[in-house]
2 protein chains.
Amino acid sequence: MLSGKRQVSEAIRERVMRVVEESGYRPSATARALAHGSTRTFGLVIPPTSEHLVVEQLRFVGAVAEAAAAHDHDVLLSPSGEAHESTFDRMVGERRVDGVIVMETMLHDSRVARLIEEGLPFVTIGRTGAEEAHSWVDLDYAGLVTEAVTRLAALGHERIALINRPQRLLDREYGPAFRALDAFEKAVVAHDLRGTTVCAEDEEESGAEVTRRLLGALVPPPTAIVTVNERALDGVVAALRSARVVVPRDLSLLAVTSEEHARAHEPQIGGADVPTTEMGRNAVEALLRRVTHPEEPLAHVLLSPPFLPRGTEGPAPASA
Amino acid sequence: MLSGKRQVSEAIRERVMRVVEESGYRPSATARALAHGSTRTFGLVIPPTSEHLVVEQLRFVGAVAEAAAAHDHDVLLSPSGEAHESTFDRMVGERRVDGVIVMETMLHDSRVARLIEEGLPFVTIGRTGAEEAHSWVDLDYAGLVTEAVTRLAALGHERIALINRPQRLLDREYGPAFRALDAFEKAVVAHDLRGTTVCAEDEEESGAEVTRRLLGALVPPPTAIVTVNERALDGVVAALRSARVVVPRDLSLLAVTSEEHARAHEPQIGGADVPTTEMGRNAVEALLRRVTHPEEPLAHVLLSPPFLPRGTEGPAPASA
DNA sequence: TTGTATGCGTTATCAT
DNA sequence: ATGATAACGCATACAA
């Protein structure tokens with residue numbers, strides 16, 4: 001009972017503190033966890049490295065670790081993917097953690113099912129199909145894509161392309177890819193435009209390749225591109241430059257990507273930020289509430305960062 | 001004693017297994033850790049997110065998590081930096097882990113001192129000044145930079161620039177930055193060349209800015225650039241393109257960076273790979289040996305990936 | 001081969 | 001206000 005939960009006289013308190021100082025005593029986290037029933041540790045399920053990890057995700061991992069540290073909690077990593085299922089299994093089965101944050105949540109997610117079954121508190125990054133049933137923190141991809149299309153429509157664009165995340169993620173019903181596609185198609189119909197949607201891998205070369213295809217195969221080509229694929233964006237910019245397509249004179253370009261990444265380009269790419277730090281902080285705090293106050297309502301945090309024009313959107317060029 | 005350490009008759013084994021199945025029993029990791037004295041967990045000290053994290057580092061974190069998982073171990077994150085010292089303190093002080101992997105090791109590193117003091121097994125990524133005193137996994141930056149300079153000298157280059165990691169890391173005596181600089185200066189002298197060394201932040205814009213300075217301020221400008229700064233490389237390439245400098249016709253460019261990153265450029269950048277996966281695996285296995293066989297010699301793993309020319313090095317242009 | 005008791009280092013609950 | 005003691009859930013050593 002070293003940690004001040006008891007009424008202690010000043011004298012004895014002094015004495016104890018002195019001994020603690022001198023002997024360099026530190027309580028054992030393991031023993032405390034066993035006795036107290038809480039590990040002061042959160043699990044973080046990260047995407048497999050076999051897929052291309054993006055800077056956004058790294059920043060998020062760091063943000064979670066730092067936010068957890070701010071609340072005196074540690075973070076236990078659990079790589080997901082076929083080969084590493086056992087880690088997740090250990091984490092939840094052996095109760096190594098008080099709660100879990102799940103990255104790259106799918107609309108139908110087996111990990112979420114397992115967590116519900118085990119009754120372990122958790123927060124997902126991105127919503128599942130049963131979004132009312134658990135806490136989540138998500139980015140409003142649908143709203144942001146809709147806004148992008150609306151802006152472009154207002155500027156007179158009639159042919160717009162969406163460069164989405166990898167097809168594999170769409171197939172596995174990855175929320176952001178799924179919702180971006182859905183919102184894009186609806187917005188295109190609403191504004192009576194011609195929309196094209198393509199997937200690119202999370203890598204530059206794929207983004208470049210897809211862009212070349214958009215410019216070459218489509219007749220006439222789109223006058224604006226919207227993308228939610230951070231890594232592909234680099235390739236898009238490179239391909240446009242190679243093709244001597246000047247932004248925004250010949251083509252408008254908007255992206256949902258981390259602000260740091262958007263501003264690293266020349267010109268800086270307009271669009272909305274993926275606020276990784278804020279998402280990490282929100283996730284940790286939501287999880288903490290689930291753990292300490294299970295009776296409180298679930299947290300549903302839908303972040304909608306402002307759209308920042310940075311000069312990469314302009315009026316549609318006179319038709320070809 | 002569920003885990004096969006005891007001689008059990010087949011009959012009772014069956015019975016136990018059946019009950020385990022039916023009741024969904026799972027041993028508690030915490031209780032086991034307390035009784036057995038080992039947590040089956042490794043700590044991983046990551047750089048602060050306030051600095052620009054690079055893809056290399058993210059891949060390394062993932063690689064460590066996956067390598068640890070392959071040996072039935074989990075990974076506990078510890079963000080380093082002023083504000084988060086408490087996390088590290090908890091990790092080692094309260095013995096939440098069996099061992100620690102330290103990223104971004106400095107030549108004089110307080111965390112290493114602490115770990116030695118505590119007698120906790122650990123492996124550093126990069127060497128400290130007392131490299132014989134502990135296990136480490138490092139990349140041979142000195143050797144790779146030397147090879148780059150030697151190659152360029154053989155091609156007739158006489159003015160070569162090194163774009164290093166941020167000045168801040170040099171000031172704090174960060175090994176890779178330190179050794180790259182040292183090796184560069186020695187190689188330049190050995191081949192009787194004119195060398196220029198500059199630091200760039202870990203971001204594109206800084207790389208571009210530094211490159212513009214090299215091309216503009218130096219008269220005559222260098223005919224070759226060597227860099228160990230992954231993020232700055234993007235800026236270097238962009239600045240060269242803007243300045244209409246054609247690689248390798250006008251200038252040779254070599255980089256030590258992750259292969260994935262080097263190949264994402266057009267043209268692909270020649271140089272040496274930063275083998276993050278291999279480093280992660282080596283670090284985990286070295287740490288595992290320290291934990292299980294403390295009497296065995298320390299592991300000193302110096303990785304020296306092959307230099308891969310990819311067409312960005314050519315003969316020195318006829319002098320201006 | 002099998003049952004039983006004690007210890008791991010805390011927290012929490014009793015009496016005092 | 002303080003001291004003693006029982007859990008916490010498992011491993012291990014010792015009896016049986």
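Below, read A as the first sequence line, B as the second, and so on, with proteins coming before strands; counting in each chain starts at 1.
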So which nucleotide from D/dC10, C/dT1, C/dT10 ends up closest to the side chain of B/Gln7?
C/dT1

Of the listed nucleotides D/dA1, C/dT11, D/dT2, the one nearest the side chain of A/Val8
D/dT2

I need the [atom1]-[atom2] distance between [X] and [N], as an integer number of Å.
| X | N | atom1 | atom2 | result |
| --- | --- | --- | --- | --- |
| B/Arg96 | C/dT10 | CZ | C1' | 14 Å |
| A/Arg95 | D/dC10 | CZ | P | 12 Å |
| A/Arg6 | D/dA1 | CZ | P | 10 Å |
| A/Glu94 | D/dC8 | CD | C1' | 16 Å |
| B/Arg26 | D/dC8 | CZ | P | 21 Å |
| A/Asp98 | D/dC8 | CG | P | 18 Å |
| B/Glu10 | C/dT2 | CD | P | 10 Å |

Are any of the side-chain nitrogens in A/Glu260 or B/Arg231 under 4.0 Å away from the carboxylate oxygens of its partner?
yes

Answer yes when A/Arg165 and A/Asp202 have at least one side-chain N-carboxylate O distance shorter than 4.0 Å, and no when they do not.
yes

Nearest-nucleotide 5' precedence on DNA chain C, B/Ser9 against A/His36
B/Ser9

Would you kindly compare B/Arg15 and A/Leu34 by the position of their nearest DNA chain C nucleotide and give the one closer to the 5′ end?
B/Arg15

Carefully, step by step, assess B/Arg59 and B/Val274 under the rule side-chain contact (heavy atoms from CB on, under 4.5 Å).
CA-CA 10 Å; B/Arg59 300 196 69 89; B/Val274 176; over 6 Å; no

Check: A/Arg290 side chain, A/Glu296 main-chain N or O, donor-acceptor pair, under 3.5 Å:
yes

Mind checking A/Arg13 for me? I need base, sugar-phosphate or nothing, with any heavy atom below 4.0 Å counting as a touch.
nothing

Quick one: is B/Ser28 getting a side-chain N or O under 4.0 Å of the D/dC8 phosphate, OP1 or OP2?
no

